[in-house]
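As structure tokens, the structure follows; a few thoughts come after it.
Below, chains carry the letters A, B, ... as their sequence lines are ordered, and counting in each starts from 1.
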Amino acid sequence: MTLTIANVCKGYSQRTILEDVSLSIRSGEVVGFVGPNGAGKSTTMKVVMGLVRADSGNIAVDETSLAISKVEFLRRIGGLVDGPSMYPTLNANQHLEYVARMRGVQGSARIQEVLELVGLSEKSTKPVSRFSMGMKQRLGIAMAILHSPDFLIMDEPTNGLDPAAMVEFRELIGTLQASRVGVLISSHVLSEIERLCDRVVFIRGGRIVREIYPGQADAAALFLVRTTDDPLATTLLLACAAVRGVSEGDGCLTVGIDRDAVPEISRSLICGGVGILELTPMRRTLESDYLQEFAGAKELLS
Amino acid sequence: MKGSSFFCDAIRAEFLKIWAMRFPRYSAAGLVAFVGLMTYELFAGEHLADHVHLTSALTLVPYLSMATWGDMFVIPLYIMGLATYCMTVDSQYGMIRVGCAQPLSRVSYIAAKSLAILLHSALFTSAYFLLLVAVSAVAGGSLRMPLAEVLPIVFVYLRLLVFCVSFAWLIAGAALFRRTLLESFVSAILVIVALIWINMMPMRFGFNPYLFFRYFLYPISPILRKEWLSDYPNIGNPMWQYLVTMVATPAIVWSLALARFIRRDITE
């Protein structure tokens, strides 16, 4: 099964929110959705959940399209968008009973199972007004997975979770993944996204700008280079075809190059009369990728 | 599962959700206090026992009806509170994102929610009327209910039920236009003011038989004394005009609100 978001556009009056967003998630795949505030993450998720109508484009689970068979489509989707929302006077049990009745989920066994899964079984009769943010998040997740959806859409689900709850959340995602549930998850906690996701999609200004696979070596890499003459080294490096960019700072150079071009740039520097004091590959993380993409260092690897 | 079954489940879910909130419990307590106070006022303030010979369990019902419905707007105000709160509470707390992501069309979702509100209004109206009968029986010191008195009372109850459910539907429609509790209360009050204001429309336009609040005393009028009703409009109108007004007025407001709701983005 595949959840496909194809060429989705959305705008309000003169402002474009989503521009030709295309993305697909397969069963059992966990996809991270990352971007700065206002990039269009939540709007994309709301469009997928049928809360916001797309101006154009198609969203479907296999052949079941949101536009044509909305009810059937929504049966296969669960979601937690824009943070947990609930009635302050009702307790966790009553919230789940409400969702169960709306979804046609029979019996209280599933409610108990889900409460245990999110660690709320002992607090299920406490009014939500007395819940902490983390407990509300857990209840929101419980409401989203109650009907065993094929695909789960989660917007910032780890907000307010304490470290222990984060571990439990990772385990929960692992369990869902093992049950072949496809997950689209957005978060600003990049280390969590890196740990959880098979694939990460970057969105900026309503457009998908990049897709990466955490843990997979990239053809391009960043190297830290210390030399005896940085200005000359910069000139020599920029003359090499394999070098994608050079930036100076803190007594060293940060150089973007193809991994297999290290011997070539070493030779170029030495032949040019520059002594190499250090040439170290920088470990790439989702955070560094994010910063390259969104914090102006993009030219190094573009 | 069939669509109709899902719709019934949704009505049940919405009804029980409202039931689980504090509103019905507090309103039951408030209702008992209100009717009790009005009864006390009738006996202690108006010295009703000096003027009325209490012969059956139902003797006091016309007096209590006039005091609690005819002279006050408390019951409609409660229904306004219930309908606005229950219709907007989802938007207020963001649960509308959960509601609108369920496998139901938006029309079904709002219809289920509205029906649940109407059922609660009907329940409240029934409790109110039963309380009038119970208080009358206790105050009259009698459980005797002659059939000749019971039938008009049942008829009045049914007419009152129609008015209250229709009013709840009207207010639910007005509230559906808005996204916060405060906004929906303001809208509901404005709708009530507009409907009262429209009562002043000149008779020559011919709309008077179909103006909602001209029927305010219509439900309880059969059991009231004639001299109490001398200035009230539409009292003698045929039942079909009453029913048409009770259905058409809320249906227009609710349908307009629904048409707007199904097209709007859920951004709250």
Original post:
Which atom names give the shortest non-hydrogen contact between B:Cys100 and A:Leu51, and what distance separates them?
Top reply: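 Between these two residues, the closest heavy atoms are CB-CD2, 3.6 Å.
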
Subject >> Donor-acceptor contact present, side-chain A:Arg101 to main-chain B:Ala10, <3.5 Å >> reply: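 Here the side-chain-to-backbone pair does not exist.
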
Subject >> Donor-acceptor pair, side chain of A:Arg75 and main chain of B:Gln102, under 3.5 angstrom >> reply: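 Not a single qualifying donor-acceptor pair exists.
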
What residues of [range] sit under 4.5 Å from chain A when only non-hydrogen atoms are counted?
range                       : answer
residues 11-38 of chain B   : B:Arg12, B:Ala13, B:Glu14, B:Leu16, B:Lys17, B:Ala20, B:Met21, B:Arg22
residues 260-268 of chain B : B:Ile262, B:Arg263, B:Arg264, B:Asp265, B:Ile266, B:Thr267
residues 73-91 of chain B   : B:Val89, B:Asp90

Subject >> Proximal component of A:Val99, with respect to chain B [non-hydrogen, under 4.5 Å] >> reply: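 Contact with chain B is through both the backbone and side chain of A:Val99.
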
Original post:
Heavy-atom distance under 4.5 Å to chain B: side chain of A:Tyr12, backbone, both or neither?
Top reply: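 Just the side chain, heavy atoms under 4.5 Å.
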
**OP:** Considering only heavy atoms and a distance below 4.5 Å, find which of B:Pro103, B:Gly94, B:Ser108, B:Ala112 pairs most often with chain A.
**Re:**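 Answer, by heavy-atom pair count under 4.5 Å with chain A: B:Pro103.
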
Does [X] have more than 12 heavy atoms from other residues, nucleotides or ligands lying within 6.0 Å of its [atom1]?
X        : atom1 : result
A:Arg53  : CZ    : no
A:Arg76  : CZ    : yes
A:Arg199 : CZ    : yes

Subject >> Residues that A:Ser186 engages under side-chain hydrogen bond (donor to acceptor under 3.5 Å, both in side chains), provided they are two or more places apart >> reply: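 With neighbours one apart ignored, the set is A:Asp155.
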
Subject >> Side-chain heavy-atom pair B:Asp9, A:Met102 within 4.5 angstrom cut-off >> reply: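 Side-chain contact under 4.5 Å: no.
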
Subject >> Most contacts with chain B, counted as non-hydrogen pairs under 4.5 angstrom, among A:Gln94, A:Lys70, A:Glu72 >> reply: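 Looking at each option in turn, the highest pair count goes to A:Gln94.
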
Original post:
Top residue by heavy-atom pair count (under 4.5 Å) with chain B, among A:Met143, A:Met86, A:His147, A:Glu97?
Top reply: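 Max contact count across the listed options: A:Met86.
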
**OP:** Enter the distance from A:Thr89:OG1 to B:Tyr93:OH here, rounded to the nearest 0.5 Å.
**Re:**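 Result: 7.5 Å between the selected atoms.
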
**OP:** Measure the spacing between CE of B:Met95 and OG of A:Ser85 and express it to the nearest 0.5 Å.
**Re:**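 If I round to the nearest 0.5 Å, the distance is 6.0 Å.
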
